[in-house]
Amino acid sequence: MRTFAYSRADSVDHAAHRTMPHAAFVAGGTTLLDLIKLDVLKPENVVDINALPLKRVERLDDGRLKIGALVTNTDLAHHPEVKSHYPVLSEALLAGASTQLRNMATTAGNVMQRTRCPYYRDPAAKCNRREPGSGCDAIDGINRMHAVLGGSDACIAVHPSDMCVGIAAIGATLTLQGPDGEREVDFADFHRLPGDTPHIEHDLADGELITAITLDAPLANAGSHYLKLRDRASYEFALASCAAQVVLDGDTIREARLALGGVATKPWRCSDAEAALVGQVADKASFERAADIALKDAQACEHNGYKIPLARQAVVRALRNAARGETPASETQESQA
């Protein structure tokens, strides 16, 4: 393991001004330390931000919910405001990782977590995300776990987060702070598509850190559901997942929110499918049309074509359960793909 300098920041301004080339912030460390050990990330300086006052969850006057960057995944999943007003986020958080990792992982760290692509995590493999211009071994390699949405000729790595899929279906704003002050970024714009620059994964500038995530005001009278389909029912990344929120007027859909995970290079909001659902009867036919729209641009590689029908299934089932306002305990979350 390479050596690095370690320091602690005692304020957000201190943290922002302590950064330098080849530096990294650490909180829970559940991604960073793994990748340092694998020699994928090579920071020369690591700044510990655990002492920063970023662990509050507070309801704002406009109905939104502000979440401090250092709130752990466990605390957020079980917070009364989240369980009551954003159950789809609580479900997504509890579907991810293990209890031990959720106890350490932070909200901002989850937003920033890196892909689990095995070629990215192997320094001997060609990976444009890790080493720009080197190529992408996944495209012609074993790509069963890779993206069918948002990929490019340079990268097809999947964004791994469950939490981010729930947030994408809710809508949120990120508060960023750096040497030049504070700014806000819409969550939908924070993660970037790979295009020709897959090594630029997000909109965070040098020296900036996430200080808060503010969720949009909850949808009134919405049913919601997060469905994760995976190879096994515990401690596994999604093959396909879907976060859905549905507001009904009788049997008619008045409003819908839909996001996909496990199939795209970033948390994937399905705005066209949402628009197609409004005014439709909440039935299987409407949900299947929405699923077709959500996956209309999907492109498969040699080994991941199964993800397209699997994601369609996830959309239909998540919408059905959201419309019913229930989370069936009997529903399996495993896949035989």
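A heavy-atom distance below 4.5 Å is found between the side chains of L229 and R317. I36 is listed as a side-chain neighbour of P43, based on a closest heavy-atom distance under 4.5 Å. The closest side-chain heavy-atom distance from L295 to L149 is below 4.5 Å. Considering only heavy atoms from C-beta on, E91 comes within 4.5 Å of H225 through its side chain. Contact check for P218 versus Y86: side-chain heavy atoms found under the 4.5 Å cut-off. Residues W268 and K266 form a side-chain contact, since some pair of their non-hydrogen atoms from C-beta on lies under 4.5 Å apart. Proximity of D231 to R144: side-chain heavy atoms (C-beta onward) are separated by under 4.5 Å at one or more points. Within the 4.5 Å cutoff, side-chain heavy atoms of D39 are placed close to those of R2.
Once rounded to the nearest 0.5 Å, the distance linking CG of D189 with NE2 of H202 reads 14.5 Å. Atom CG of residue L219 and atom CZ of residue R257 lie 4.0 Å apart, to the nearest 0.5 angstrom. If you take NE2 on H199 and OH on Y120, they are separated by 12.0 Å, rounding to the nearest 0.5 Å. Rounding to the nearest 0.5 angstrom, the gap separating the SG atom in C117 from the CG atom in D137 is 9.0 Å. We find the CD1-CG distance between I253 and L277 to be 4.5 Å, quoted to the nearest 0.5 Å. Between the CZ atom of F237 and the CZ atom of R230 there is a distance of 10.5 Å, given to the nearest 0.5 Å.
Taking the charged nitrogens against the carboxylate oxygens, K296 and D272 do have a contact shorter than 4.0 Å, which makes a salt bridge.
K307 contributes a side-chain N or O that, together with a main-chain N or O of M145, makes up a donor-acceptor pair within less than 3.5 Å. Remark: side-chain polar atoms of S134 are paired, donor with acceptor, to backbone N or O of E131 under 3.5 angstrom. With hydrogens and angles ignored, the 3.5 Å screen pairs a side-chain donor or acceptor of R130 with a backbone N or O of D122. A donor-acceptor pair under 3.5 Å is formed between the side chain of E274 and the backbone N or O of L258. Checking side-chain atoms of D10 against main-chain N and O of A51 turns up no donor-acceptor pair under 3.5 Å. A donor-acceptor pair under 3.5 Å links the side-chain atoms of R102 to the main chain of G96, judged by distance alone. In this structure, S7 contributes its side chain and V47 its backbone to no donor-acceptor pair below 3.5 Å.
The heavy-atom pair separating A300 from G305 by the smallest distance is CB-CA, 3.5 Å. Between A24 and L32 the shortest heavy-atom distance is CB-CD1, 4.1 Å. Among all heavy-atom pairs drawn from G133 and N128, the shortest one is N-OD1, 3.2 Å. Scanning all heavy atoms of the two residues, the minimum distance from R183 to D203 falls at NH2-O, 2.6 Å. Of all heavy-atom pairs spanning H146 and A157, the tightest one is CD2-CA, 4.1 Å. Here the closest non-hydrogen pair linking A154 and G195 is CB-O, 3.4 Å.
With M104 as reference, T30 is the one residue of N73, T74, T30 to meet the side-chain contact (heavy atoms from CB on, under 4.5 Å) rule.
Within 6.0 Å of atom CG in D251, 12 or fewer heavy atoms from other residues, nucleotides or ligands are found, so the atom counts as exposed in its surroundings. Within a 6.0 Å radius of CG in D196, no more than 12 heavy atoms belonging to other residues, nucleotides or ligands are found. Counting heavy-atom neighbours within 6.0 Å of R59 CZ, excluding the residue itself, gives a total above 12. The number of heavy atoms from other shown groups lying within 6.0 Å of CG (L33) is above 12. With a 6.0 Å radius and a threshold of 12 heavy atoms from other residues, nucleotides or ligands, N103 has its CG atom above the threshold. Within 6.0 Å of CD in Q299 there are 12 or fewer heavy atoms belonging to other residues, nucleotides or ligands.
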Evaluate side-chain contact (heavy atoms from CB on, under 4.5 Å) for R116 paired with R121, printing each intermediate quantity in order. CA-CA 7 Å; R116 309 302 292 193; R121 296 169 67 85; 3.5 Å; yes

Run the side-chain contact (heavy atoms from CB on, under 4.5 Å) check on L65 and H79 step by step: do they pass? CA-CA 11 Å; L65 190 70; H79 194 280; 5.6 Å; no

Let me see the working for R114 and E201 under side-chain contact (heavy atoms from CB on, under 4.5 Å), right down to the final yes or no. CA-CA 9 Å; R114 313 301 281 268; E201 300 182 34; 3.0 Å; yes

Hey, mind stepping through L54 and T106 against side-chain contact (heavy atoms from CB on, under 4.5 Å) and telling me if it holds? CA-CA 10 Å; L54 303 174; T106 63; over 6 Å; no

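Connection of I308 to V315 is established within a shared hydrophobic cluster, with ILVMFWY side chains joined at heavy-atom distances below 4.5 Å, either directly or through further cluster members. When hydrophobic clusters are built by joining Ile, Leu, Val, Met, Phe, Trp and Tyr residues whose side-chain heavy atoms come closer than 4.5 Å, directly or via intermediates, L94 is not grouped with V71. Linking Ile, Leu, Val, Met, Phe, Trp and Tyr residues whenever their side-chain heavy atoms come within less than 4.5 Å places L260 and V316 in a single cluster. Cluster annotation: L310 is not connected to I293 through the hydrophobic network of ILVMFWY side chains, with a link wherever side-chain heavy atoms come within less than 4.5 Å. Taking hydrophobic clusters as Ile, Leu, Val, Met, Phe, Trp and Tyr residues chained together by side-chain heavy-atom distances below 4.5 Å, M112 shares a cluster with L93.
Taking the six-membered ring for Trp and thresholds of 30 and 60 degrees, H191 and H159 have ring planes more than 60 degrees apart, a perpendicular arrangement.
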Considering only distance and modelled atom types, tabulate donor-acceptor pairs under 3.5 Å from the side chains of residues 161-177, sequence neighbours left out.
{"unit_1": "S161", "atom_1": "OG", "unit_2": "N110", "atom_2": "OD1", "d": "2.6"}
{"unit_1": "S161", "atom_1": "OG", "unit_2": "M163", "atom_2": "N", "d": "3.2"}
{"unit_1": "S161", "atom_1": "OG", "unit_2": "C164", "atom_2": "N", "d": "2.8"}
{"unit_1": "D162", "atom_1": "OD1", "unit_2": "Y226", "atom_2": "OH", "d": "2.5"}
{"unit_1": "D162", "atom_1": "OD2", "unit_2": "K228", "atom_2": "NZ", "d": "2.8"}
{"unit_1": "Q177", "atom_1": "NE2", "unit_2": "D13", "atom_2": "OD1", "d": "2.8"}

